[in-house]
Student: 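If you scroll down you'll find the structure; I have some questions about it.
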Amino acid sequence: MSSNIFWHETVLSKTERQKQKGHQSAILWFTGLSGSGKSTLANAVERKLYERKVHSYLLDGDNIRHGLNKDLGFSDQDRQENIRRIGEVAKLFVDAAVVVLTAFISPFREDREQVRELVPEGEFIEIYVKCSLEECERRDPKGLYEKARAGKIPFFTGISSPYEEPSAPDLIIETDRLTLEESVDQVVKYLESRSII
């Protein structure tokens with residue numbers, strides 16, 4: 001980092017912004033295999049937060065790769081950089097007193113832990129969207145598993161690249177056992193129990 005760059009404090013604090021909005025801010029980090037239901041669940045949770053007048057924003061993996069991270073591929077190093085950048089963006093949303101939802105495979109524990117360390121304790125909520133590989137392949141909403149099995153997609157998580165399950169997630173949502181409504185309810189109840197909303 002250049003020695004000519006300095007951190008500038010802002011006039012408004014995160015606490016002031018949270019007070020104005022009437023709720024706490026946090027990163028809801030949805031992680032899981034492709035097809036596990038991360039984006040579907042994150043979107044449904046955001047809809048429920050909106051209905052409750054909670055200020056939120058959803059960062060989705062594919063959408064981010066269309067813009068901010070379009071220069072990155074899917075090697076382990078690029079995946080790590082993808083998550084690092086998202087973590088920094090999510091941190092800005094938390095400072096703005098927004099509940100930011102992120103839906104990324106984020107296959108490596110170390111990368112997720114690095115994002116956790118960017119914000120104060122309790123402001124990073126790791127939500128493991130747990131779904132068996134078999135069910136994810138059966139769903140295969142984008143046809144990616146079929147391509148990966150055919151060798152057309154290298155470094156595909158769960159097939160040719162590892163997924164490291166969270167060792168101690170804040171919440172586990174088993175989308176192959178619960179309905180979408182039940183899954184959303186679990187997330188919302190957790191946020192209520194932590195006095196985030």
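Along the sequence shown, the residues carry numbers beginning at 1. Below, all heavy atoms of this structure are taken into account, side chains as well, without hydrogens, waters or symmetry copies. As the structure is a prediction and not an experimental result, all values here were calculated from the model.
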Student: Could you go through I196 and I125, starting from their C-alpha distance and side-chain angles, then the distance that decides it, and tell me whether this counts as side-chain contact (heavy atoms from CB on, under 4.5 Å)?
Tutor: CA-CA 11 Å; I196 292 168; I125 299 167; 3.3 Å; yes

Student: Can you tell if the side chain of C131 reaches within under 4.5 Å of the side chain of R139, non-hydrogen atoms only?
Tutor: yes

Student: Answer yes or no: is there a side-chain heavy-atom contact under 4.5 Å between L49 and L191?
Tutor: yes

Student: Is a side-chain N or O of R79 found less than 3.5 angstrom from the main chain of P107, in a donor-acceptor match?
Tutor: no

Student: If you compare all heavy atoms of I127 against all heavy atoms of V187, which two are closest, and at what distance to 0.1 Å?
Tutor: CD1-CG1, 4.2 Å

Student: Does the side chain of L59 reach to within under 4.5 Å of the side chain of L101, using non-hydrogen atoms?
Tutor: no

Student: So V115 and D111, side-chain contact (heavy atoms from CB on, under 4.5 Å) or not? Walk me through it.
Tutor: CA-CA 7 Å; V115 176; D111 298 340; 6.0 Å; no

Student: Could you report the tightest heavy-atom contact between A103 and D60, atom names first, then the distance?
Tutor: CB-OD1, 3.8 Å

Student: Just checking E110: does its CD atom have more than 12 heavy atoms from other residues, nucleotides or ligands closer to it than 6.0 angstrom?
Tutor: no

Student: Taking C-beta and beyond as the side chain, do K14 and V94 meet within less than 4.5 Å on heavy atoms?
Tutor: yes

Student: Please name the pair of heavy atoms, one in D170 and one in E126, separated by the smallest distance, quoted to 0.1 Å.
Tutor: OD2-N, 2.7 Å

Student: Compute both the distance and the angle, then confirm whether R65 meets the cation-pi test with F74: under 6.0 Å from the six-membered ring centre, within 45 degrees of the axis.
Tutor: yes

Student: Looking at R112, is its backbone amide N or carbonyl O close enough to the side chain of S106 to form a donor-acceptor pair, meaning the two atoms are under 3.5 Å apart?
Tutor: no

Student: Where the side chain of T31 meets the backbone of I105, is there a donor-acceptor pair that is under 3.5 Å apart?
Tutor: yes

Student: Would you say E182's side chain and T179's backbone share a donor-acceptor pair under 3.5 angstrom?
Tutor: yes

Student: Which pairs count as ring-ring contact (aromatic ring centres under 6.0 Å, His included) when at least one residue sits in residues 106-133, sequence neighbours excluded?
Tutor: W29-F124

Student: Tell me, please, which residues at least two apart from R138 pass salt bridge (charged side-chain N to carboxylate O under 4.0 Å, His left out).
Tutor: E135

Student: Is the shortest side-chain N to carboxylate O distance from K91 to D95 below 4.0 Å?
Tutor: no

Student: Please walk me through it: do S161 and D76 pass side-chain contact (heavy atoms from CB on, under 4.5 Å)?
Tutor: CA-CA 9 Å; S161 186; D76 287 355; 3.9 Å; yes

Student: For Q114, does the CD atom have more than 12 heavy-atom neighbours from other residues, nucleotides or ligands under 6.0 Å away?
Tutor: yes

Student: Indicate if I197 and Y50 have the same hydrophobic cluster label, given that clusters are the connected sets of ILVMFWY residues with side-chain heavy-atom separations under 4.5 angstrom.
Tutor: no

Student: Identify the two heavy atoms, one from L118 and one from E88, that lie closest to each other, and give their separation to 0.1 Å.
Tutor: CD2-OE2, 3.5 Å

Student: Heavy atoms only: give me the nearest Y145-T157 pair and the separation to one decimal.
Tutor: CE2-O, 4.3 Å

Student: Will you find, in the side chains of S25 and E123, an N or O donor that is under 3.5 Å from an N or O acceptor?
Tutor: no

Student: Is the number of heavy atoms from other residues, nucleotides or ligands within 6.0 Å of CZ (R177) greater than 12?
Tutor: no

Student: If we ignore hydrogens and angles and just use 3.5 Å, is the side chain of N43 paired with the main-chain N or O of S39 as donor and acceptor?
Tutor: yes

Student: Compute the centroid of each ring, for Y57 and then for F93, and state whether the two points are separated by less than 6.0 Å.
Tutor: yes

Student: Which pair of non-hydrogen atoms, one from G158 and one from L133, has the smallest distance, and what is that distance?
Tutor: O-CD2, 3.7 Å

Student: Within the side chain of N82, is there an N or O that forms a donor-acceptor pair under 3.5 Å with the backbone of N69?
Tutor: no

Student: What do you reckon, is NZ of K48 surrounded by more than 12 foreign heavy atoms closer than 6.0 Å?
Tutor: no

Student: Is it the case that the side chain of K38 and the backbone of G32 share a donor-acceptor pair, with hydrogens and angles ignored and the cut-off at 3.5 Å?
Tutor: yes

Student: Is R116 salt-bridged to E113, cutoff N-O under 4.0 Å?
Tutor: yes

Student: Between L28 and T102, is any pair of side-chain heavy atoms under 4.5 Å apart?
Tutor: no

Student: Salt bridge (charged side-chain N to carboxylate O under 4.0 Å, His left out) for E16 and K19? Distances and angles first, verdict last.
Tutor: CA-CA 5 Å; E16 288 175 298; K19 186 175 179 181; over 6 Å; no

Student: If you measure from the Lys or Arg side-chain nitrogens to the Asp or Glu carboxylate oxygens, is any gap between E192 and K189 under 4.0 Å?
Tutor: no

Student: If you define the side chain from C-beta out and look only at heavy atoms, does anything of S34 sit under 4.5 Å from F156?
Tutor: yes

Student: So, R17 side chain and A96 main chain: donor-acceptor pair closer than 3.5 Å or not?
Tutor: no

Student: Quick one: does H23's side chain have a donor or acceptor within less than 3.5 Å of a partner on H55's backbone?
Tutor: yes

Student: Can you list the steps and then say if Q24 with R194 is a side-chain contact (heavy atoms from CB on, under 4.5 Å)?
Tutor: CA-CA 10 Å; Q24 300 299 305; R194 294 279 306 280; over 6 Å; no

Student: Does D176 offer a backbone N or O that forms a donor-acceptor pair with the side chain of K130 under 3.5 Å?
Tutor: no

Student: Could you tell me if the side chain of F104 sits less than 4.5 Å from the side chain of I83, heavy atoms only?
Tutor: yes

Student: Just how far is it from atom CD1 of I86 to atom CD of E81, taken to the nearest 0.5 Å?
Tutor: 10.0 Å

